[in-house]
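In what follows, a single structure is set out as structure tokens and then discussed.
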Number of protein chains: 2
Amino acid sequence: MAGLTAPLLGLQKKSLREQALSALRTAITSGELEPGRHLVETELSEMLQISRGTLREALRQLEQEGLVSAGPRGRLSVRHLDEKEIRDIYAVRAALESLAARTLCELPDRQHVTESLHKAIDAMTAATSGSLEDRIESDLEFHRTLCRLTGNETLLHSWESLEGSIRMSIMFAGLEKGVSNMSVDRHNDIVAAIDTGDASLARKTILEHMDAAAANLVA
Amino acid sequence: MAGLTAPLLGLQKKSLREQALSALRTAITSGELEPGRHLVETELSEMLQISRGTLREALRQLEQEGLVSAGPRGRLSVRHLDEKEIRDIYAVRAALESLAARTLCELPDRQHVTESLHKAIDAMTAATSGSLEDRIESDLEFHRTLCRLTGNETLLHSWESLEGSIRMSIMFAGLEKGVSNMSVDRHNDIVAAIDTGDASLARKTILEHMDAAAANLVA
DNA sequence: TGTAAGTCGACTGTTTACAGTCGGTATTAG
DNA sequence: CTAATACCGACTGTAAACAGTCGACTTACA
């Protein structure tokens, strides 16, 4: 009985590919693999202790997510974002999240929505005294929840495809600037707007939030 | 000199992976691989005459694009869309394209934009007498152009990630219904709206177009 | 007969080794 | 000093192999 190798509390074991994917995402968005850094397959596969084939599958996905970009002859490197790209990313993010906000306004069970969002804000509050990473994490979790609660899987998937780029934007702009807009108050405004059920108000609130966040990053 | 294996008229030769990706996309969105169909790696790799490793890289991307979905133990099958999913896909599509329309309104060189879009509409007109596939193709090309002209690479990329799902939606709903909304007139309205430079009008026009298209598919 | 255990086959996950190709770089001949 | 050559690093693609898993089928036993 004792000596279980892993708790497995509802966790399903992930494939090596998924583990590699997570590891690479973290390495990139944490800056451990700096933008522009050339990624050599053999190096990475040795580093991660996986075969090249498995690694390549993970790299394809990172490419799709925009974390790495392909140069001539398939050469991969960590993507470098300039200010225009950050603005562009945030414009798309704003479009997706404003759809989410509008959708939530038209949901029958808005009670549950408000509840879940408040819970996410509580997590942000709890993280205020924590590390920078924790604060970023809880902020993104709030916005991910926003998308998830719509029940629109495509929307959630599109947002998650953008998540890596969003993280890179925050990192690129410097962590201090990046988190300064993550105040709990601003997020309460969003929930309040959704709670009124006024779709255009909710949309407006999100767009302002995104504008402020983007302006903050590239200012 | 004679006997070139391929014309290569300005075409850059694509990697086997990319070729496989295109072939699979076409096979799925054309219905040759019907929704729900279980995809066996060894079968496909033999069919496409490529190795399993290369195939798996292509499959990862199709998974990301939502054309195939993973079942238990990594079993892949062609994705099946129900009506809700189609509506959801079109909601996201509408959000992206309305961003595109709004962005185009604020562009300095709107002359060039209008020109390019008219050219795309001309292609649609030319396709009216062509095959169903051609009509769908030219319609999607118009909308892709809409996104491309914004100069927002992230927007274009997000739209293209959705393109496969859009094609599946059209196919699923039955080709007759799917193309009935692809009238040239409607697209002229969109260009006209953008041409006025009125962002909210352009947004409204696109949203109506998308609503009509989605309603048509699931009606 | 009914069911529980054992077997087989089909697939995926993953690894290893190897051939081919393309550029860049260093070396060497003129 | 220049140019042809050889080499090397890195990516693309391939083939073969093995383990793990699950479903289906078979078989043996109560």
Examine distances only and state if a side-chain atom of Glu106(A) and a backbone atom of Thr103(A) form a donor-acceptor pair shorter than 3.5 Å. no
Could you give the CG-to-C1' distance, from Leu48(A) to dT14(C), as a whole number of Å? 14 Å
Using modelled atom types only, decide if a donor and an acceptor are shared between the side chain of Gln49(B) and the backbone of Glu46(B) within a distance under 3.5 Å. yes
Show the distances under 3.5 angstrom between N or O atoms of the protein and N or O atoms of nucleotides 9-13 of chain D.
unit_1	atom_1	unit_2	atom_2	d
dC11(D)	OP1	Leu39(A)	O	3.0
dC11(D)	OP2	Glu41(A)	N	3.2
dC11(D)	O3'	Arg73(A)	O	3.4
dT12(D)	OP2	Glu41(A)	OE2	3.1
dT12(D)	OP2	Arg56(A)	NH1	3.0
dG13(D)	OP1	Leu16(B)	N	2.3
dG13(D)	O6	Arg52(A)	NH1	3.3

Side-chain donor-acceptor pairs under 3.5 Å in residues 65-76 of chain B, sequence neighbours left out?
unit_1	atom_1	unit_2	atom_2	d
Glu65(B)	OE1	Arg25(B)	NE	2.9
Glu65(B)	OE2	Arg25(B)	NE	3.4
Glu65(B)	OE2	Arg25(B)	NH2	3.0

Pairwise side-chain contact, Glu133(B) with Glu137(B), heavy-atom cut-off 4.5 Å (strictly under): no
Considering the options Leu62(A), Leu44(A), Leu55(A), which one meets the side-chain contact (heavy atoms from CB on, under 4.5 Å) requirement together with Leu39(A)? Leu44(A)
From CD of Glu46(B) across to P of dA10(C) the rounded distance in Å is 14 Å
